Amino acid sequence: MVGAACALYAARTGLGVAVVDRGPVAGGTTGAGEGNLLVSDKEPGPELELALLSNRLWTELAAEPGLGPAFEYEAKGGLVVASTPDGLSALEDFAAGQRAAGVTAETIAAHQLADLEPYLAPGLAGGVYYPQDAQVMPTLAAAHLVRASGARLLTGRTVTEVLRAAAGTVRGVRTDRGDIHAPAVVNAAGTWGGELATLAGVGLPVLPRRGFVLVTEPLPPLVRHKVYAADYVADVASDSAALQTSPVVEGTAAGPVLIGASRERVGFDRSFSLPVVRALAAGATRLFPFLERVRAMRTYIGFRPYMPDHLPAIGPDPRVPGLFHACGHEGAGIGLATGTGQLIAQMLGGKTPDLDLMPFRPDRFEECEAYEGDTA
Amino acid sequence: MSAEGPHLAVIGAGPAGLAAALAAAGRGVRVTVVDSAAAVGGQFYRQPSAGLGARRPEALHHQWRTWRRLREGLDQYIAAGRVGHLADHHVWCVERKERTPEGFTVHALLGPEQEKPAVVHADAVLLATGGYEKVLPFPGWTLPGVVTAGGAQAMLKGGLAVPGRTAVVAGTGPLLLPVATGLAAAGVTVAALVESADPKALVRRAGALAGRPDKLAEGAGYARELLRRRVRTLVRHTVVETHGTDRLAAVTVAALDAAGRVRPGTERSIPCDTLAVGHGMLPHTDLAETLGCRITGPNVHVDEEQRTDVPGVWAAGETTGIGGAALALAEGHIAGRSAAARLWGRDPDPREWAAAAKSRAALREFFAALDSVYAPPAHWTEQVTDGTVVCRCEEVTAGAVRAAVGELGAGDVRTVKLLTRAGMGWCQGRVCGPAVAGIAGCPESVARRPFARPVPLGVLAQVTDQAADQAADTEVAPDQ
Amino acid sequence: MNPLELAEAEPGPAFTVTLDGREIDALPGQTVAAALWAAGVTSWRTTRGEGRPRGIFCGIGVCFDCLVTVNDRPNQRACLVPVRPGDSIRTQEGTGHER
C-alpha cells in the first residue's frame with residue numbers, strides 16, 4: 001500500500017516510476033489488512049501528524065472520479081468505548097490531548113452509545129466518537145492507486161541487489177529478471193523492509209508483529225463504525241512480545257464484519273492459533289452480543305512491520321545517497337500510506353516536506369547498536 | 001494415553017473411515033468415529049434417512065455386500081464398547097496439543113444446526129474426510145435445476161428425492177454413469193448423458209486397466225443399463241449453456257473437436273428441467289492443512305503406511321487422492337492397522353496388509369488412467385462469457401476475474417480473490433477455486449481454511465475445553 | 001417408478017410444513033430440500049447481490065447455495081437440515097439477517 005501511494009504521488013510530480021514487487025500487488029501485509037484509516041488510536045506526536053495529513057489526502061483521493069468507490073472508501077467514523085468509569089476518564093484525557101493536536105473527538109455518554117451503535121452491549125461507561133476515522137478495502141486501494149499512477153508495474157520480480165555507483169550513490173536495483181536503473185530507490189517493502197535495507201548495506205530494524213483477523217458471514221450494516229475498546233490503544237503502544245488482544249470490530253462494504261486485533265512477536269510463523277482467535281471472538285462478542293450467533297467464516301494472518309519505537313522510517317537514508325525508506329508503519333500502513341507517499345514525493349522532487357521528518361529518520365537506530373529484537 | 005489404552009479419533013464415516021475404525025479396533029485401540037452425517041456410510045454408502053423406512057435401500061447402491069460387512073463389523077464393535085460413533089458432529093478444526101497427555105483435540109459442532117460445540121480428545125487422528133465434486137462454470141450454471149451430479153445422487157440416496165422429470169447428466173468422469181442410471185431407475189427421464197471425454201481412450205490404457213477387471217466390468221454394467229433404459233450417450237460433447245429464467249428449461253450441448261474446442265454449428269438444444277453436472281472430484285484437505293500436514297497438489301501427502309508427515313496424524317481415502325470406494329477401503333484398512341501398531345508402541349509389519357497394499361497399488365494405477373482420460377474440455381474457459389458468474393456465493397463474474405488479472409495486476413489466485421471477492425463467500429472457494437484459477441490463468445494453490453466449517457463466534461468465544469467436555473458428555477448420544 | 005417405490009420405502013405419516021406461508025406436505029426423514037423438491041420447488045433463496053434464485057447445488061453441505069430460513073433461523077443448509085412437523089420455511093433474501 002505504501003509503495004502504491006509513493007508511486008502515485010511521485011508520478012504526479014512528473015517522475016517516471018516503476019513499482020517492483022516479488023509477489024503480486026498487495027501480496028504482503030496490505031492484503032491481510034483491515035484497511036483502517038485511523039486518527040483515533042494515535043497519541044499526539046509525529047505519528048498523529050502523519051495520520052492527519054494522510055487522512056486529508058485519503059479524503060481527496062476518494063473524491064477523485066472513480067477512485068473512492070473503486071476501493072470502497074467509507075468515511076464511517078470510529079467509536080472507542082470504555083467499560084468502566086475509570087477507563088472512560090482515561091479515554092477522555094487521551095481525547096483531550098488529541099483535540100489539542102487537531103483531532104475531532106466527541107465524548108459520547110453511555111446513554112448516547114445506542115444512537116451510534118444500536119447493537120452495542122449494554123452497560124458500557126461511555127465512549128469517544130472520532131468522525132475522521134475511515135476505511136478502505138486495502139488490496140483494491142493498492143491496485144487502484146498503482147493503476148492511477150500510471151507507473152510501470154513489475155510484479156513477480158525479486159530485488160536481489162541495490163545497484164550503486166562508484167561514489168556509493170544508488171543507481172537502481174538488480175532483480176531476478178533484469179536490472180532497473182533509477183537515480184532513486186524507495187524501500188517500501190513493509191515488513192521485509194529490513195531485508196531490502198540490508199541489500200543496500202544498511203541496517204533497518206523492521207520486525208514482524210503477527211496479527212489475526214476473524215471474518216464473519218455477510219451481514220447487513222449492523223456495525224456502523226469502527227468500534228473498539230479503549231485498551232486497544234495501550235496494546236498498540238506496548239512493546240511486549242507476548243500475545244495481546246483487544247477487540248476491534250467493524251463492518252465492511254461487502255457485508256462481513258472484521259474482528260481484530262491480536263499482536264504477537266513470533267517471527268513469520270504462519271501456523272493457526274486457536275487460542276488467539278478465541279480471544280478475538282470473546283472480545284468481539286463482549287462488545288456486540290448479537291455476534292455470538294453469527295458465524296466466523298475464516299481467519300487470516302498478517303505480519304505488521306514493527307519498529308522498536310512504533311514509528312515508521314520515512315525519508316532519505318543519509319548512509320546511502322539515493323535510497324529512501326518508506327516502511328515500518330506497523331498496523332497503520334494503509335492509513336499512513338498517503339501521507340508517506342506525499343512526503344516521499346516531495347523529497348524526491350527536492351521540495352520541503354509537509355512534516356518534519358526528524359522523528360522518522362531511517363538511521364535513528366544507529367546509535368543504539370545494542371538493540372536486540374526478535375528475528376524472523 | 002489413558003489407562004484404557006490408546007484412543008484414535010477417526011474423522012469421517014465413509015468407506016475409508018469405517019475400514020480404518022474396524023482395523024484399529026480389531027487391534028485393541030479405542031476408536032471414536034466422528035462424522036457429520038446422521039448415519040454412517042459417507043457419500044458412497046449414503047443411506048436413506050431412517051424416517052423414510054426404506055426396505056430395499058440396496059436398489060440405490062452398488063457393492064452392497066461390502067457395505068453389509070462394514071456395517072455389521074461396526075455394529076459389533078459399537079455393541080462391545082470398542083468403537084464410539086458420534087453422528088451429526090461437524091468437525092471444524094483438529095488441534096494438536098504438544099504438551100498434553102492426549103495429543104489432539106477434535107472440535108466439532110453438533111448438527112444439523114451446527115450451533116453447539118463438542119470436543120473429542122485423542123492420542124492420534126485419522127483423517128478420512130472424503131471429497132466433493134468439482135464443477136466448472138458455464139453460462140447459466142447458477143440456474144435452479146442445475147445440480148452437481150453427486151448432489152443429485154446424494155439427494156436420491158439419502159432423501160429418495162429427485163429434482164425433476166427430465167434430466168441431462170453432463171460433464172466428465174466415471175461418476176456420471178451411476179448418476180444417470182440411478183436417476184433413470186428412480187423414474188427420471190434421462191434425456192442425454194453428455195461426456196466431454198472419449199472413454200474409448202481408456203482402451204489405450206489397457207495396461208492399467210488389466211489389473212482391475214472388476215472395475216471394467218462395473219463400467220460395462222452401467223453401459224448396458226444405459227442402453228436398456230435408452231439413455232442417449234453423447235461422448236466428446238459438452239454443455240455450452242442453459243436456458244430458462246428462474247428455472248432450467250433446456251440446455252445447449254455441442255460437439256468438441258480433437259483439441260477440446262466446441263465445434264461451431266454442432267450446437268443443439270435439449271429440453272430438460274434438471275442438469276446434473278460434474279467434472280471430477282476434489283479432496284477435503286482443510287483439517288490436514290491446518291494441522292500442518294504436507295499437501296501435494298490437491299491431496300494430503302501420505303507414506304506407505306498412510307501416515308501424514310505430522311506425527312500422530314494418518315489419512316486415508318479421497319482426501320489423499322481421488323480413487324473411489326474400493327481404494328478408500330484399502331487405504332483405510334492400512335491406516336487403521338498402522339495407527340494401531342504405532343499407538344501400542346511397535347513398528348507395524350507391512351506384510352500384515354499385503355493384500356490391501358496390492359489392491360491399493362492396482363487401484364491407484366487404475367484411477368490415474370481414468371484421470372488421464374476423463375478431463376474437462378481443454379479450452380473450457382473459452383465458453384465462459386464475461387457475464388458468467390464464477391463465484392456463486394459472492395456473484396463474481398468471469399469478466400471481473402479477467403479484469404483483476406488484466407487491469408489490476410493480479411498474478412495469483414489469492415490476489416484475484418482479494419480484488420474480486422471470488423472465493424470469499426460462504427463456501428470459501430471450495431466450489432469456485434478451480435474455476436477462478438482456470439479463468440485467471442494462474443496455477444491452483446492450496447487454500448488455507450483454519451475453520452473447516454463456519455463457527456458461531458459464541459462457540460469460539462466461550463468454549464473452554466472443560467465446558468466443551470461437558471457438552472460432549474451431556475449431548476452426545478451413542479449410535480443406535 | 002419413483003424413488004420411494006424403488007427403495008420400497010414405507011415412511012411414517014406425512015405432515016405439514018409451510019413455505020412462505022403456503023402449506024406443503026413432507027415426510028419424516030426428509031431434509032428441507034427433499035421436501036421442497038418433492039413439492040416441485042427448486043429455489044428458496046435469492047442472492048444478496050443480484051437477487052437471483054438459488055436452490056440445491058452440491059447437495060452435500062459444501063456449497064451453501066441452498067441456504068434457507070427455517071423457523072426464523074437464517075442460513076440453514078436445506079440439504080442437511082431435516083424437516084420437522086410445523087416448520088416455517090421462508091425464502092431467504094439478502095444475508096438472511098435483515099431486520
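As a basis for the values below, the full set of heavy atoms in this structure was taken, side chains included, without hydrogen atoms, waters or symmetry mates. Being a predicted model, the structure only gives us computed values, none of them experimental. Below, read A as the first sequence line, B as the second, and so on, with proteins coming before strands; counting in each chain starts at 1.
Here A/Ala281 is the residue among A/Gly255, A/Ala281, A/Ala142, A/Pro256 with the most heavy-atom pairs under 4.5 Å with chain B. The residue among A/Thr285, A/Leu274, A/Leu153, A/Thr155 with the most heavy atom pairs within less than 4.5 Å of chain B is A/Leu274. Here B/Arg421 is the residue among B/Lys417, B/Glu394, B/Arg421 with the most heavy-atom pairs under 4.5 Å with chain A.
Atom CD of B/Gln428 is separated from atom CE of A/Met297 by 5.0 Å, given to the nearest 0.5 angstrom. Between the CG atom of B/Leu419 and the NE2 atom of A/His144 there is a distance of 7.0 Å, given to the nearest 0.5 Å.
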Dump the intermediate steps for side chain to side chain contact (heavy atoms under 4.5 Å, CB included) on A/Thr216 and B/Leu457, then the final yes or no.
-> CA-CA 8 Å; A/Thr216 73; B/Leu457 286 165; 3.8 Å; yes
I would like to know whether B/Arg448 and A/Tyr300 meet side chain to side chain contact (heavy atoms under 4.5 Å, CB included); could you show each step before the answer?
-> CA-CA 9 Å; B/Arg448 302 194 62 159; A/Tyr300 59 84; over 6 Å; no
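Considering only heavy atoms from C-beta on, B/Met424 stays 4.5 Å or farther from A/Val215 through its side chain.
Of the atoms belonging to A/Leu291, heavy atoms from both backbone and side chain fall under 4.5 Å from chain B. Residue contact with chain B, scored on non-hydrogen atoms closer than 4.5 Å, involves the backbone and the side chain of A/Val25 alike. Of the two parts of A/Arg147, only the side chain, counted from C-beta on, holds a non-hydrogen atom closer than 4.5 Å to a non-hydrogen atom of chain B. Neither the backbone nor the side chain of B/Glu289 comes within less than 4.5 Å of any heavy atom of chain A. With a threshold of 4.5 angstrom between heavy atoms, A/Leu214 approaches chain B through side-chain atoms but not through N, CA, C or O. Within the 4.5 angstrom heavy-atom criterion, atoms from both the backbone and the side chain of A/Ala296 approach chain B. Proximity to chain B (any heavy atom under 4.5 Å) is shown, for A/Arg286, by neither the backbone nor the side chain.
Across all non-hydrogen atoms, the minimal contact from A/Pro24 to B/Gly411 is CB-N, 4.2 Å. The minimum heavy-atom distance linking A/Ala26 with B/Arg414 is given by the pair O-NH1, 3.9 Å. Of all heavy-atom pairs spanning B/Gln114 and A/Arg295, the tightest one is O-NH1, 2.7 Å.
Within a 6.0 Å radius of CZ in A/Arg293, no more than 12 heavy atoms belonging to other residues, nucleotides or ligands are found.
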